[in-house]
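Report on the structure given below.
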Amino acid sequence: AIHIIKNKKFNMFYKQLIKLDKKFNCKINLYKNSLVDTNLVKIFYPNYYKKFSNKIKKMNKKFKFTNNIFGRFIYANNKFS
């Protein structure tokens with residue numbers, strides 16, 4: 001794992017990286033990418049997203065994902081806390 005500083009330069013880099021991943025049909029790793037939100041899951045796993053979200057809802061009725069590295073919650077509506 002590497003630790004990065006999230007700033008404007010990183011955000012520009014990350015957006016370009018996501019575009020390249022999509023262009024070349026790469027898949028993001030949900031376990032290793034701490035910046036993943038529900039939009040990225042929908043983009044990279046469109047056929048599996050509904051099944052994935054239903055499984056999460058069964059485990060957790062509030063439908064939130066926890067990022068233990070940065071200590072934030074990722075909700076279905078993509079709001080962070």
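Counting from 1, the numbers follow the sequence of the chain as shown.
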**OP:** Can you measure from CG (N39) to OH (Y49) and round to the nearest 0.5 angstrom?
**Re:**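 Nearest 0.5 Å value for the CG-OH distance: 8.0 Å.
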**OP:** Indicate the atoms forming the closest heavy-atom contact of Y14 with V36, along with that distance.
**Re:** OH-N, 4.4 Å
**OP:** Could you tell me which residues satisfy ring-ring contact (aromatic ring centres under 6.0 Å, His included) with Y48, sequence neighbours excluded, listed by chain and number?
**Re:**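 With neighbours one apart ignored, the set is empty.
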Subject >> Partner residues of F13 under the ring-ring contact (aromatic ring centres under 6.0 Å, His included) criterion, sequence neighbours left out >> reply: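 In terms of ring-ring contact (aromatic ring centres under 6.0 Å, His included), with neighbours along the sequence ignored, F13 is linked to no residue.
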**OP:** State which residues pass side chain to side chain contact (heavy atoms under 4.5 Å, CB included) with N47; sequence neighbours excluded, sorted by chain then number.
**Re:** none
Original post:
By side chain to side chain contact (heavy atoms under 4.5 Å, CB included), which residues pair with N7, not counting sequence neighbours?
Top reply: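 So N7 forms a side chain to side chain contact (heavy atoms under 4.5 Å, CB included) with I5, K9, F10.
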Could you pull out every donor-acceptor pair under 3.5 Å between side chains of residues 15-24 and any protein atom, sequence neighbours left out?
unit_1: K22; atom_1: NZ; unit_2: I43; atom_2: O; d: 3.3

**OP:** Kindly write out the residues that satisfy side chain to side chain donor-acceptor pair (under 3.5 Å) with Y45, not counting sequence neighbours, or none if the list is empty.
**Re:** none
